[in-house]
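Here is the naming used below: chain letters follow the sequence lines, and residue numbers restart at 1 for every chain.
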Amino acid sequence: MTFDLFDSLPQDAPHAEPLAPGAVVLRGFAREHEQSLLDAVRDIAAQAPWRHLITPGGQRMSVAMTNCGQLGWVSDARGYRYEPADPESGKPWPAMPAGFLSLARAAAATAGFEDFRPDACLLNRYTPGTRLSLHQDRDELDLRAPIVSVSLGLPAVFLFGGLSRAERPLRVRLAHGDVVVWGGPARLAFHGIAPLADGDHALAGRERINLTFRKTR
DNA sequence: CAGTCGCA
DNA sequence: TGTG
């Protein structure tokens, strides 16, 4: 990886807001697809219902999760891993909608990561009070590929830290339609979501939906 | 044995 | 709220 997003980005992506080398917020990037994205989320949740996973330490996560794509992220007493089927039903995860794939690819390319081919999409549902404490996405085998994260519904404060837990994270407000991409030198950055403030979104109601695209292998 | 997507 |  020899590129630097601080140098390579802003000209062709006017709404790009660099967070760190290898990390950028694309403001409103997903907005034109808001309705079809939310429709697809409903459809996925009808096949693989939202559920609260248990951490290896035995704690119930406040975020409700489901997945689509070839593989889905799961957590239980045995640890974190990617599974080809929903452990609740034994059925394969719902297919990744074509629109999800093209949006994730376009966002990655805009951020300087060409040819992103995610094989997993984790869907997170936040309601007021829900949080996700600082963590790294390190269960993927292919760390060359970036993470692409799409925000829908209520706004949230995104915590974006460094490669060590001790570095104080930036606090960035993410609104409906914003997309964050991080990879390269930022691929293993610690990140999280502060407790969600109450509110009411015209399309999503009292919820924030986050789509996180990953290439796991 | 390392790490801890949560907690004290 | 930062750190183990």
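Among residue pairs with one or both ends in residues 126-136 of chain A, those qualifying as side chain to side chain donor-acceptor pair (under 3.5 Å) are A/T127-A/T130, A/H135-A/D137, A/H135-A/H191, A/Q136-A/R138; sequence neighbours excluded. Applying the side chain to side chain donor-acceptor pair (under 3.5 Å) test to every pair with at least one member in residues 90-99 of chain A, sequence neighbours left out, gives no pairs at all. Among residue pairs with one or both ends in residues 47-56 of chain A, those qualifying as side chain to side chain donor-acceptor pair (under 3.5 Å) are A/D43-A/Q47, A/R51-A/D86, A/H52-A/R60; sequence neighbours excluded.
When base pairs are accepted only as Watson-Crick or G-U wobble with both N-N or N-O distances under 3.5 Å, DNA chain C takes part in no stem of 3 or more pairs.
With sequence neighbours excluded, the residues satisfying salt bridge (charged side-chain N to carboxylate O under 4.0 Å, His left out) with A/D115 are A/R105, A/R117. With sequence neighbours left out, A/R208 forms a salt bridge (charged side-chain N to carboxylate O under 4.0 Å, His left out) with no residue at all. Qualifying ring pair (Phe, Tyr, Trp, His ring centres under 6.0 Å) partners for A/F100, counting only residues two or more places apart in sequence or in other chains: A/F213. With sequence neighbours left out, the salt bridge (charged side-chain N to carboxylate O under 4.0 Å, His left out) criterion links A/E83 to A/R81. Residues passing the ring pair (Phe, Tyr, Trp, His ring centres under 6.0 Å) test with A/H176 are A/H201, sequence neighbours excluded.
With respect to the salt-bridge test (charged N to carboxylate O, under 4.0 angstrom), the residues A/R217 and A/D142 do not qualify.
Connectivity analysis of hydrophobic side chains (ILVMFWY, heavy atoms under 4.5 Å, direct or indirect) links A/I54 to nothing; its cluster partners are none.
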Distances for protein N/O vs nucleotides 2-4 of chain C N/O pairs under 3.5 angstrom?
{"unit_1": "C/dT3", "atom_1": "OP2", "unit_2": "A/A166", "atom_2": "O", "d": "3.3"}

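Rounded to whole Å, atom C1' of B/dA2 lies 18 Å from atom NE2 of A/H135.
Contact annotation for A/D137: base contact, defined as any heavy-atom pair under 4.0 Å involving a base atom.
Using a 4.0 Å cutoff on non-hydrogen atoms, the parts of residues 53-65 of chain A near DNA chain B are A/T55, A/Q59, A/M61, A/M65, ordered by number.
A gap of 15 Å separates the C1' atoms of B/dC7 and B/dG3, to the nearest Å.
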